[in-house]
Amino acid sequence: MRFIFNILSVAAFACLGFFFYLIIKGSFEAPAYTGLSDTSTVTAVVDQGPNVPSEAQAAFTSGEKLFKQNCSSCHKLKGKLVGPPLEGVEEKYTDDPEWLYTWIKNSSKLIKQKDEKALAIWNEYNQSVMTAFPQLSDGQIDEILTYIRYGV
C-alpha cells in the first residue's frame with residue numbers, strides 16, 4: 001500500500017511541476033472572459049483611426065508626414081513632450097492666425113520683438129527657443145494644422 005502511495009505522490013508532484021512549468025513558460029493561458037454566453041459571436045473592436053473628411057484627406061496625409069519630419073521630436077498631439085501639446089492650437093490663436101504662422105517660422109523673431117504671447121510660451125518652457133521652420137510654406141503649415149485637427 002505504501003508503494004502505491006509513493007507512486008501517486010511522485011505522479012502528483014510531477015503533474016504540479018509540469019503545470020507550473022507551463023505557467024512560467026507562458027504556454028498555458030486561461031481563456032479570456034468575454035462576458036458573453038455564446039463565445040462564437042465575439043468580434044474584435046478595431047480602431048478605425050481618425051475621422052477625416054474626404055476633402056481633407058490629402059492635406060491630412062501630407063500634414064502627418066510633415067509633422068513627423070518637423071514637429072514630433074518636440075511635440076505630441078496630446079500631452080507635453082519638450083514643447084506643449086498641439087491639440088487645439090488653432091483654436092487657441094483664432095484671434096490672430098497669422099501670429100501662429102510667424103511663430104512656427106521664427107519664434108525667436110517674436111521673442112526679440114517682446115511679443116506677449118511669444119514671451120509667455122518662452123518663459124513657460126524655461127526660455128527654450130522653438131526650432132525655426134522658415135522653409136515651411138503657409139500651405140504646408142495648413143497641412144500640419146489639418147493633421148493636428150483630425151489626428152487627435
Side-chain angles (χ1 to χ4, degrees), residues 13-152:
F13 281 116
C15 288
L16 280 174
F18 184 68
F19 177 72
F20 287 122
Y21 168 78
L22 289 176
I23 290 174
I24 291 170
K25 185 165 170 82
S27 300
F28 177 79
E29 294 179 11
Y33 176 71
T34 62
L36 302 172
S37 59
D38 179 11
T39 57
S40 64
T41 59
V42 174
T43 56
V45 176
V46 179
D47 182 13
Q48 301 277 326
N51 188 15
V52 181
S54 58
E55 64 273 7
Q57 188 62 53
F60 176 85
T61 302
S62 179
E64 179 179 23
K65 183 178 177 184
L66 288 165
F67 179 87
K68 288 178 180 177
Q69 290 172 344
N70 298 288
C71 313
S72 64
S73 62
C74 295
H75 296 280
K76 294 192 300 185
L77 298 180
K78 293 182 178 188
K80 288 183 180 181
L81 195 56
V82 174
L86 296 181
E87 177 180 26
V89 70
E90 283 180 289
E91 293 80 20
K92 191 172 182 178
Y93 299 105
T94 53
D95 62 324
D96 189 4
E98 288 303 314
W99 182 91
L100 185 57
Y101 292 84
T102 305
W103 172 261
I104 292 168
K105 290 181 181 184
N106 190 352
S107 64
S108 294
K109 177 182 174 184
L110 290 171
I111 293 167
K112 287 177 186 171
Q113 293 173 350
K114 307 280 187 219
D115 179 89
E116 287 182 32
K117 292 179 211 171
L119 288 172
I121 296 169
W122 185 58
N123 286 320
E124 181 180 351
Y125 286 87
N126 299 318
Q127 299 184 344
S128 296
V129 177
M130 179 173 145
T131 303
F133 294 99
Q135 75 279 9
L136 292 177
S137 68
D138 288 354
Q140 289 174 314
I141 293 172
D142 287 336
E143 290 171 345
I144 292 170
L145 293 173
T146 298
Y147 170 69
I148 292 168
R149 186 180 323 122
Y150 294 109
V152 291

Quiz item: Counting distance only, does the side-chain N/O of His75 pair as donor-acceptor with the main-chain N or O of Leu81 below 3.5 Å?
Solution: no

Once you round to the nearest 0.5 Å, how far does [atom1] of [X] lie from [atom2] of [Y]?
X	Y	atom1	atom2	result
Glu91	Arg149	CD	CZ	8.0 Å
Glu98	Tyr93	CD	OH	15.0 Å
Trp103	Ser108	CH2	OG	8.0 Å
Gln127	Leu119	CD	CG	9.0 Å
Leu86	Lys76	CG	NZ	11.5 Å

[X] side chain near [Y] side chain, heavy-atom distance below 4.5 Å:
X	Y	result
Trp122	Val129	yes
Lys109	Asp115	no
Tyr125	Val82	no
Asn70	Gln135	yes
Cys71	Ile144	yes

Quiz item: How close do Pro50 and Gly151 get, heavy atom to heavy atom, and via which atoms?
Solution: CB-CA, 4.4 Å

Quiz prompt | Those residues that, when tested against Glu124, pass side chain to side chain contact (heavy atoms under 4.5 Å, CB included) (two or more places apart) | solution = Lys80

Practice problem: Could I get the full list of side chain to side chain contact (heavy atoms under 4.5 Å, CB included) partners for Thr131, not counting sequence neighbours? | Solution: Phe133

Could you pull out every donor-acceptor pair under 3.5 Å between side chains of residues 56-64 and any protein atom, sequence neighbours left out?
residue: Gln57; atom: NE2; partner: Thr61; partner atom: OG1; Å: 3.3
residue: Thr61; atom: OG1; partner: Gln57; partner atom: O; Å: 3.0
residue: Ser62; atom: OG; partner: Glu143; partner atom: OE1; Å: 2.8
residue: Glu64; atom: OE2; partner: Lys68; partner atom: NZ; Å: 3.2

Quiz item: Is Lys117 close enough and on-axis enough to Trp99, meaning under 6.0 Å and within 45°, for cation-pi?
Solution: yes

Exercise. Please say whether more than 12 non-hydrogen atoms of neighbouring residues, nucleotides or ligands are located less than 6.0 Å from CD in Gln113.
Key: yes

Practice problem: Report the residue from Leu136, Asn106, Asp96, Leu145 that forms a side-chain contact (heavy atoms from CB on, under 4.5 Å) with Tyr101. | Solution: Leu145

Self-check item: Qualifying residue, where the test is side-chain contact (heavy atoms from CB on, under 4.5 Å) with Tyr147 and the options are Leu77, Leu66, Val52
Solution: Leu77

Quiz item: In terms of side-chain geometry, is the basic nitrogen of Asp138 or Lys105 positioned less than 4.0 Å from the acidic oxygen of its partner?
Solution: yes

